[in-house]
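Reviewing the structure listed below.
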Amino acid sequence: QVQLVESGGGLVQPGGSLRLSCAVSGLVSSIYNMAWYRQAPGNQRELVAQISNDGITNYQDSVKGRFTISRANTKDMVYLQMNNLKPEDTAVYYCYASSIQPPHIYWGQGTQVTVSS
């Protein structure tokens, strides 16, 4: 079993920065991939960034060059550094993890990011 708890969201002005954190507890060794998703009002939940077990990262085109996903060596924390934030980045951001044995996916409760002047 895996539990994910996000933190670090808040209100920031356009062009500002935030760092989201996801605390991972439970059977951390079972996790193979982690990611950040976001969902804005009226929109579907969308992938923002992901990182594989071997450290390979992938980003949504709209955040490339602005966001960076990373994880602690202990694998119990994953981060999303968000720079040059734009109003369209406003959403609830969710931490995501997947395991292969047993096959399962996990979601955090979400943390709100609001980019507004």
Side-chain angles (χ1 to χ4, degrees):
Q1 187 63 262
V2 173
Q3 297 82 42
L4 308 174
V5 179
E6 303 97 332
S7 63
L11 175 64
V12 65
Q13 293 186 351
S17 298
L18 283 174
R19 190 192 195 197
L20 305 183
S21 299
C22 177
V24 185
S25 61
L27 193 57
V28 178
S29 61
S30 70
I31 297 173
Y32 279 73
N33 291 275
M34 297 198 70
W36 287 95
Y37 285 73
R38 68 186 180 188
Q39 187 168 18
N43 292 359
Q44 295 187 5
R45 190 172 299 185
E46 62 182 3
L47 175 68
V48 178
Q50 62 185 9
I51 185 166
S52 67
N53 214 28
D54 57 1
I56 298 174
T57 58
N58 186 59
Y59 298 91
Q60 183 189 119
D61 286 343
S62 66
V63 308
K64 286 181 178 178
R66 300 190 296 122
F67 291 11
T68 303
I69 188 170
S70 62
R71 65 186 177 192
N73 290 334
T74 54
K75 307 293 178 64
D76 60 353
M77 293 290 291
V78 63
Y79 307 97
L80 184 68
Q81 178 66 47
M82 305 184 294
N83 298 325
N84 191 24
L85 283 160
K86 303 175 180 180
E88 51 263 45
D89 295 319
T90 297
V92 176
Y93 284 71
Y94 297 91
C95 186
Y96 164 97
S98 65
S99 64
I100 193 168
Q101 193 171 8
H104 197 46
I105 60 172
Y106 304 91
W107 293 98
Q109 293 299 311
T111 185
Q112 183 177 331
V113 172
T114 302
V115 184
S116 176
S117 60

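Excluded from the calculations below are hydrogen atoms, water molecules and symmetry mates; all remaining heavy atoms, backbone and side chain alike, are included.
Listed by first then second residue, pairs satisfying side-chain hydrogen bond (donor to acceptor under 3.5 Å, both in side chains) with a partner in residues 1-14 read Gln3-Ser25, not counting sequence neighbours. For residues 46-56, the set of pairs meeting the salt bridge (charged side-chain N to carboxylate O under 4.0 Å, His left out) definition, not counting sequence neighbours, comprises Arg38-Glu46. Applying the disulfide (SG to SG under 2.5 Å) definition to pairs two or more places apart or across chains, those involving residues 81-117 are Cys22-Cys95.
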Walk me through whether Val92 and Arg45 qualify under side chain to side chain contact (heavy atoms under 4.5 Å, CB included).
CA-CA 9 Å; Val92 176; Arg45 190 172 299 185; over 6 Å; no
Yes or no on side chain to side chain contact (heavy atoms under 4.5 Å, CB included) for Gln60 and Leu47, after CA distance, side-chain angles and deciding distance?
CA-CA 7 Å; Gln60 183 189 119; Leu47 175 68; 5.7 Å; no
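Rounding to the nearest 0.5 Å gives a distance of 14.0 Å between CE of Met77 and CZ of Arg71. The structure places CD1 of Ile105 at 8.5 Å from OG of Ser98, a figure rounded to the nearest 0.5 Å.
Apart from Tyr93 itself, the hydrophobic cluster it occupies contains Val2, Leu4, Val12, Leu18, Leu20, Val24, Val28, Ile31, Met34, Trp36, Val48, Ile51, Tyr59, Val63, Phe67, Ile69, Val78, Leu80, Met82, Leu85, Tyr106, Val113, Val115, where clustering links Ile, Leu, Val, Met, Phe, Trp and Tyr at side-chain heavy-atom distances under 4.5 Å. Listed by chain and number, the hydrophobic cluster partners of Ile100 are Tyr32, where partners are ILVMFWY side chains within reach of under 4.5 Å, directly or through others.
Residues passing the side-chain contact (heavy atoms from CB on, under 4.5 Å) test with Thr74 are Ala72, Asp76, sequence neighbours excluded.
At a threshold of 4.0 Å, the pair Asp89-Lys86 does not count as salt-bridged, since none of the basic side-chain nitrogens sits closer than that to a carboxylate oxygen.
Using a 3.5 Å distance cut-off with no hydrogens or angles, the side chains of Ser52 and Asn33 do not pair a donor with an acceptor.
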